S.K.: 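Attaching a single structure in structure tokens format; questions to follow.
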Amino acid sequence: MKIQAPKGTRDFYPKQMAWRNYILDAWRRVSVRNGFDHVDGPIFELLDLYKIKSGDGIVSELFNFEDRGQRQLALRPEFTPTLARMVAAQAHALPKPIKWFCMPNLCRAERPQRGRLREFFQWNVDLLGCDEPIADAECIFTAVDLLRELGLGPHQVRVKISHRQTVRHVLVKLGVAEDKIIDAFNLLDRRDRLERKEFVANAAALGLDETRVQRLDEIGRMVFPAGRIDQMRTQIGVDDELGDLAGLDRELTAFGISDWCEYDLGIVRGLAYYTGIVFEIHEASGAERAMAGGGRYDGLIKLFGGPDTPAVGMGMGDVVLMNVLTDKGLMPEDASPRPDVFVIAASDAAAGRVSSVAAALRRRGLHTRFSYKSTRNVGKLLKDAAAAQARHAVILDDEASQGVASVKDLASGGQTQVAIADLPAHFTG
RNA sequence: GUGGGCGUAGCUCAGUUGGUUAGAGCACAGGGUUGUGAUCCCUGGGGUCGGGGGUUCGAGUCCCCUCGCUCACCCCA
């Protein structure tokens, strides 16, 4: 019996690996140019690390095991606890602000479905030690910068932003008691999935009458364009309570990404640990699950035993991102690295020179390939060169004994004679 | 964890009321011709028909169980 790959995992053959690298290379490139440093941690941690942040309930949603020393371990289902542990351990030695990114593979024991697998890659961008809205805005900018890098535009994706404190103020103003705030958040989060009757019944349990239930529903559905936060002031009737959101609005405009963003107080995020701004990035039609999510989590480093440290972060998975890019025709057909040169032997006499020519080119750093076929059929070998996406073909024939080869530009079809000894210099300019 | 749909070659599929040794195209590999990316031709590898059990003289086909994939629900750090 053949053994299959475990449920919800992927095999990366060269074609798929090229796509994966296409995404991860973009993540790395964009992170670096936005000033973030690359970090990573272990692929498994002590199970307790995850319990600290998420409680005992998390255990059923991750892969855990016991080592020979009876230690309870877990494959990492997220990176944030590792990051918090790392920061807490060296908090006083690290220069502030801390700007880190990583691209870990994460494992979750969930039933796979569209946009969700059991092992996936997640780009994490975190900025710690700064409690100003510019940090939140830079985090969002970095995510937008990536989406733009991959060919997406503001009409294809939406960054939906909310704020824990603003929503709390609105809820309190509506008459929700302090001890019911969490329930109210949950209700707001689930409003699209609930029948109207259920929604009203749940809202009534929060102490809201029919008019106020109606108002809560309205507010949950309101969307305001970034750069026009004044609309939120007048339509929702908040002002001083806007706080950070007003500051963020100015920064998003300054970063030049307000056309990508909008405010949506219906965005909740399941996390109990977010303390301020929260956001999600969705494909504009809303067809896919969230492409990215993040927010401010000022209390977390302290929770892991470090100093009180403000923090904002963002996570983006590779699965939904690739779904969206594929649907919009933005994934390259072939993302494999293109050979600079493909060496061809057009005669038996020339065949013996292929490896030495290839070696000379490779020593100069040129991506060089050749065929293992015994045919001297130039047409067939050129087809192989084209299939490999090579930029040039070097054709060795009987003239090779005089030290000359033909160089064919596979894009233009043009062909010139070049001395074999000059080939490395010819291609490296 | 719950429910729907789907399982024949790497991919897309055909396979008659159950009937001989399960096929095609594409892809892949080797080769030939015109020697310069095309076209054409020859050859080859590859399937326990997802797996197991049952009915039958005989099962890819009918029945049961199971596994996997997929979509949705739950959840979503």
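Quick note: numbers below take in every heavy atom, side chains included, and nothing from hydrogens, waters or symmetry partners. Order of the sequence lines fixes the chain letters, A, B, ..., with proteins taken first and strands second; residue numbering starts at 1 for each chain. Please read all numbers here as calculations on a predicted model, not as lab measurements.
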S.K.: How many whole angstroms separate atom CG of A:D126 from atom C1' of B:A77?
M.R.: 13 Å
S.K.: Given side chains that start at C-beta, do those of A:V159 and A:I257 come closer than 4.5 Å, heavy atoms only?
M.R.: no
S.K.: Does a side-chain heavy-atom distance below 4.5 Å link A:V312 with A:I277?
M.R.: no
S.K.: With a 4.5 Å cut-off on side-chain heavy atoms, are A:N105 and A:R76 touching?
M.R.: yes
S.K.: Output the distance between atom OG (A:S31) and atom CE (A:M103), rounded to the nearest 0.5 Å.
M.R.: 7.0 Å
S.K.: Considering only heavy atoms, which members of residues 6-18 of chain A lie under 4.0 Å from some atom of RNA chain B?
M.R.: A:K7, A:G8
S.K.: Does the distance from a Lys or Arg side-chain N to an Asp or Glu carboxylate O, for A:R158 and A:D264, drop under 4.0 Å?
M.R.: no
S.K.: What integer distance in Å separates A:N186:CG from B:A77:P?
M.R.: 12 Å
S.K.: Is the NZ or CZ atom of A:R269 positioned over A:Y274's six-membered ring, under 6.0 angstrom from the centre and within 45° of the axis?
M.R.: no
S.K.: Which residues pass the salt bridge (Lys or Arg N to Asp or Glu O under 4.0 Å) test with A:K373, not counting sequence neighbours?
M.R.: A:D384
S.K.: Tell me if the side-chain of A:K380 makes a donor-acceptor pair with the base of B:G30, cut-off 3.5 Å, by modelled atom types.
M.R.: no
S.K.: Using atom P of each nucleotide, how far apart are B:C6 and B:G10 to the nearest Å?
M.R.: 22 Å
S.K.: Using O4'-C1'-N9-C4 for purines and O4'-C1'-N1-C2 for pyrimidines, with syn meaning within 90° of 0, is B:G54 syn or anti?
M.R.: anti
S.K.: Rounded to whole angstrom, note down the P distance from B:C63 over to B:A27.
M.R.: 38 Å
S.K.: Scan for side-chain hydrogen bond (donor to acceptor under 3.5 Å, both in side chains) pairs involving residues 300-324 of chain A, sequence neighbours excluded, and state none if there are none.
M.R.: A:R10-A:D318
S.K.: Is A:L381 touching bases, backbone alone, or none of the nucleic acid, heavy atoms closer than 4.0 Å?
M.R.: nothing
S.K.: Expected output is a numbered-order residue list: members of residues 105-124 of chain A with a heavy atom under 4.0 Å from any atom of RNA chain B. What is it?
M.R.: A:R108, A:E110, A:R111, A:Q113, A:R114, A:R116
S.K.: Taking atom types as they are modelled, is there a donor-acceptor pair under 3.5 Å from the base of B:U33 to the side chain of A:N377?
M.R.: yes
S.K.: Can you find a donor-acceptor pair, distance only, under 3.5 Å between A:R289 side chain and B:C76 base?
M.R.: yes
S.K.: Base, sugar-phosphate or nothing for A:L62? Non-hydrogen atoms, less than 4.0 Å.
M.R.: nothing
S.K.: Quick one: A:I344 CD1 to B:U36 C1', roughly how many Å, whole number?
M.R.: 8 Å
S.K.: In chain order, what residues pass the salt bridge (Lys or Arg N to Asp or Glu O under 4.0 Å) check against A:R114, with sequence neighbours excluded?
M.R.: A:E288, A:D327
S.K.: Distance check needed: B:G37 C1' versus A:R391 CZ, whole Å only.
M.R.: 17 Å
S.K.: Looking at every non-hydrogen atom in both residues, tell me the closest pair between A:Q156 and A:L152 and how far apart they are.
M.R.: OE1-CA, 3.4 Å
S.K.: Categorize A:G413 for me: base, sugar-phosphate, or nothing, with a 4.0 angstrom heavy-atom threshold over every strand shown.
M.R.: base
S.K.: Could you summarise the pairing of RNA chain B as dot-bracket text, marking Watson-Crick and G-U pairs under 3.5 Å with ( ) or [ ] inside the strand and | across strands?
M.R.: (((((((..((((.....[...)))).(((((.......))))).....(((((..]....))))))))))))....
S.K.: Answer with yes or no after comparing the ring centroid distance for A:F101 and A:H38 against a 6.0 Å cut-off, counting only values under it.
M.R.: yes
S.K.: Under 6.0 Å from the ring centre and within 45 degrees of the ring axis: does the NZ or CZ of A:R164 meet both conditions for the six-membered ring of A:F185?
M.R.: yes
S.K.: Expressed in angstrom and rounded to an integer, what is the separation of A:Y372 atom OH from B:C28 atom P?
M.R.: 18 Å
S.K.: Looking at A:K373, does any N or O in its side chain come under 4.0 Å of the phosphate oxygens OP1/OP2 on B:A29?
M.R.: no
S.K.: Salt bridge or not between A:E110 and A:K7? Use side-chain N to carboxylate O under 4.0 Å.
M.R.: no
S.K.: Mind checking if A:D397 touches a base, just sugar-phosphate, or nothing, with heavy atoms under 4.0 Å?
M.R.: nothing
S.K.: Tell me: CD of A:E288 to C1' of B:C71, nearest whole Å?
M.R.: 12 Å
S.K.: Using the P atom in both, what is the distance from B:G51 to B:U34, to the nearest Å?
M.R.: 47 Å
S.K.: Taking B:U33 as the reference, what is the distance to B:C26 when you measure between their P atoms (whole Å, please)?
M.R.: 22 Å
S.K.: Say we look at B:A72 and B:U16: how far apart would their P atoms be, to the nearest angstrom?
M.R.: 34 Å
S.K.: Compare side-chain N and O positions of A:T375 against OP1 and OP2 of B:G30 and report whether any pair is under 4.0 Å apart.
M.R.: no
S.K.: Take atom P in B:C41 and the same atom in B:U21, then report the distance between them in whole Å.
M.R.: 32 Å
S.K.: May I have the distance from A:K383 (atom NZ) to B:C40 (atom C1'), rounded to whole angstrom?
M.R.: 11 Å
S.K.: Say you pick atom P in B:A22 and the same atom in B:U48; how far apart are they, in whole Å?
M.R.: 13 Å
S.K.: Over how many whole Å does the gap from A:R376 atom CZ to B:U34 atom C1' extend?
M.R.: 18 Å
S.K.: Just to verify, which of A:K160, A:M222, A:H163, A:M232 counts as forming a side-chain contact (heavy atoms from CB on, under 4.5 Å) with A:Y263?
M.R.: A:M232
S.K.: Taking the P atom of each, how far is B:C62 from B:U8, in whole Å?
M.R.: 15 Å
